[in-house]
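Everything on this sheet refers to the single structure shown next.
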2 protein chains.
Amino acid sequence: MLTMDEFIKTCREKGLNVTYQRMVIYKSLMQSKNHPTAEEIYHMVRKEYPSISLATVYKTLETFAELKLINKVTHLHDMARYDADTRPHHHMICIYCKAVYDVHDERLNRLPLPDVDYDGFQITGYSIQFEGVCPACSQKFQRKASS
Amino acid sequence: MLTMDEFIKTCREKGLNVTYQRMVIYKSLMQSKNHPTAEEIYHMVRKEYPSISLATVYKTLETFAELKLINKVTHLHDMARYDADTRPHHHMICIYCKAVYDVHDERLNRLPLPDVDYDGFQITGYSIQFEGVCPACSQKFQRKASS
DNA sequence: ATTCTTGCAAACGGTTTGCACATAC
DNA sequence: GTATGTGCAAACCGTTTGCAAGAAT
């Protein structure tokens with residue numbers, strides 16, 4: 001959540017050309033509260049810059065996310081994944097290979113809910129996504145880092 | 001995670017015909033530890049039942065998930081969503097309209113990690129997904145329930 | 001016999017890609 | 001001037017759909 005000046009400075013620092021498109025896209029995302037999709041951002045941005053292309057929006061968002069300027073909320077969005085284990089449990093996702101492991105830990109099933117009624121939102125349950133590095137990728141990564 | 005007998009019984013109870021395809025798909029998912037995709041299940045199932053079609057696998061998994069026989073791990077998998085707020089925070093997802101709200105609550109940022117080194121998996125962070133009903137859908141739902 | 005399910009192929013929709021042109025530096 | 005980014009259209013790929021044939025009840 002940067003000011004426009006900070007955004008421009010950060011782009012320069014990260015070796016990213018500062019274009020009008022990038023500024024408008026960042027501003028739109030910053031002003032939006034709903035975690036919009038690329039298509040939604042495209043429609044917002046077109047009001048201010050009608051000639052922008054959808055492909056540019058996709059490329060720009062992906063670039064921002066790689067440089068951690070923004071976050072992709074949906075880590076595992078590429079393909080649906082299923083689980084036959086319907087007990088309440090949590091998941092651990094390898095940031096490299098996207099493997100999903102189960103976390104069964106009773107303590108995590110008794111979190112205090114943030115508020116029974118948060119902004120009028122009625123919470124019925126939750127699940128925790130842990131991020132990290134799986135054993136296999138940990139090996140690869142160490143090998144890569146030490147070579 | 002049902003035995004095959006329980007699975008058959010549950011299908012009958014839920015008004016689902018018991019077919020060989022459904023049994024093989026459920027068994028494959030049950031034996032798999034990696035939260036497989038539809039395509040992965042398709043390949044596993046084909047070893048035991050080569051003539052099965054990918055469309056059947058998709059339809060079957062969706063049917064199972066609707067009846068809560070299995071879980072879809074990826075709730076928001078349909079489209080990528082982005083967020084300009086890079087501070088650590090959590091999300092609340094409306095199960096009806098899939099709207100995503102932010103949850104900023106300091107207490108939730110200090111969870112005890114399940115184990116520093118869980119099965120060789122190095123955890124670097126986490127985020128919590130709360131599920132529930134947003135104010136707008138709550139209204140719609142109440143109206144529907146009381147009419 | 002009726003209803004539900006399957007398999008196929010075609011359609012769909014979100015996302016990516018290749019490439020020529022334009023822009024930032 | 002060179003490297004980088006943009007826009008367009010086509011390709012891609014995971015998923016869904018319509019429908020005729022087949023299986024479960």
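It should be emphasised that the depicted structure is a prediction, and the values quoted were computed from it without experimental measurement. Chain letters run A, B, ... following the sequence lines, proteins first and then strands; every chain starts at 1. Below, all heavy atoms of this structure are taken into account, side chains as well, without hydrogens, waters or symmetry copies.
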What's the spacing between B:Leu67 CG and B:Glu62 CD if we round to 0.5 Å?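 Here the rounded value is 10.5 Å.
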Whole-Å distance separating the [atom1] atom of [X] from the [atom2] atom of [N]:
{"X": "A:Lys14", "N": "C:dC25", "atom1": "NZ", "atom2": "P", "result": "17 Å"}
{"X": "A:Leu61", "N": "C:dT15", "atom1": "CG", "atom2": "P", "result": "10 Å"}
{"X": "B:Ile52", "N": "C:dC8", "atom1": "CD1", "atom2": "P", "result": "10 Å"}
{"X": "A:Tyr42", "N": "C:dT15", "atom1": "OH", "atom2": "P", "result": "14 Å"}
{"X": "A:Tyr26", "N": "D:dG5", "atom1": "OH", "atom2": "C1'", "result": "20 Å"}
{"X": "B:Phe64", "N": "C:dT6", "atom1": "CZ", "atom2": "P", "result": "8 Å"}
{"X": "B:Arg46", "N": "C:dT6", "atom1": "CZ", "atom2": "P", "result": "16 Å"}

Start at the 5' end of DNA chain C and walk down; is the nucleotide closest to B:Asp78 or to B:Thr60 reached first?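 The residue whose closest nucleotide sits nearer the 5' end is B:Thr60.
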A:Phe7 reachable from A:Ile41 in the ILVMFWY side-chain graph, under 4.5 Å edges: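 Yes; tracing contacts between hydrophobic side chains, which count when under 4.5 Å, links both residues.
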Within one Ile-Leu-Val-Met-Phe-Trp-Tyr cluster: B:Val73 and B:Leu61, side-chain cutoff 4.5 Å: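 No, no single cluster joins them.
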Set out, in order, the CA-CA distance, both residues' side-chain angles and the distance that settles salt bridge (Lys or Arg N to Asp or Glu O under 4.0 Å) for B:Glu40 and A:Arg81, then state yes or no. CA-CA 10 Å; B:Glu40 284 164 353; A:Arg81 285 156 173 270; 5.5 Å; no
Taking the axis from the first five pairs and the axis from the last five, what angle separates them in the helix from C:dA1-D:dT25 to C:dC25-D:dG1, rounded to 10 degrees?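 For the helix from C:dA1-D:dT25 to C:dC25-D:dG1, the axes at either end differ by 40°.
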By side chain to side chain contact (heavy atoms under 4.5 Å, CB included), which residues pair with A:Thr56, not counting sequence neighbours?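 For A:Thr56, the residues satisfying side chain to side chain contact (heavy atoms under 4.5 Å, CB included) (neighbours in sequence not counted) are A:Gln21, A:Ile52, A:Ser53, A:Thr60.
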Between the side chains of B:His35 and A:Asp102, does any donor sit under 3.5 Å from an acceptor?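 Per modelled atom types, B:His35 and A:Asp102 side chains form a pair under 3.5 Å.
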Quick check on DNA chain D: between A:Ala80 and A:Ser53, whose nearest nucleotide comes earlier from the 5' end?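 Counting from the 5' end, the first nearest nucleotide belongs to A:Ser53.
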Which heavy-atom pair separates A:Ser127 from A:His89 by the least distance, and what is that distance?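 Heavy-atom minimum between the residues: CB-O, 4.2 Å.
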Over all heavy atoms of both residues, which pair between A:Ser32 and A:Met44 is shortest? Give the atoms and the distance, please.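 A:Ser32 and A:Met44 have their closest heavy atoms at CB-CE, 4.0 Å.
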May I ask you to say what B:Tyr49 touches in the nucleic acid, namely base, sugar-phosphate or nothing, with a heavy-atom cut-off under 4.0 Å?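 If one applies the 4.0 Å heavy-atom cut-off, B:Tyr49 turns out to touch the sugar-phosphate alone, with no base involved.
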Would you mind classifying the nucleic acid contact of B:Thr37 as base, sugar-phosphate or nothing, using non-hydrogen atoms under 4.0 angstrom?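 Nothing, no nucleic acid heavy atom in range.
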Phosphate contact (D:dG7 OP1 or OP2) by A:Thr56 side-chain N/O below 4.0 Å: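 Result: yes.
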Taking only N and O in the side chain of B:Gln21, is any of them less than 4.0 Å away from OP1 or OP2 of C:dG7?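 Checking B:Gln21 against C:dG7: at least one side-chain N or O falls below 4.0 Å of OP1 or OP2.
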The contact string for nucleotides 16-25 of chain D, one letter per nucleotide 5' to 3', using protein heavy atoms under 4.0 Å with B, S and - for base, sugar-phosphate only and none, comes out as BBB-----SS
Can you classify the ring geometry of A:Tyr126 versus A:His90 as parallel (below 30°), tilted (30 to 60°) or perpendicular (above 60°)?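 Aromatic pair A:Tyr126/A:His90 classed parallel.
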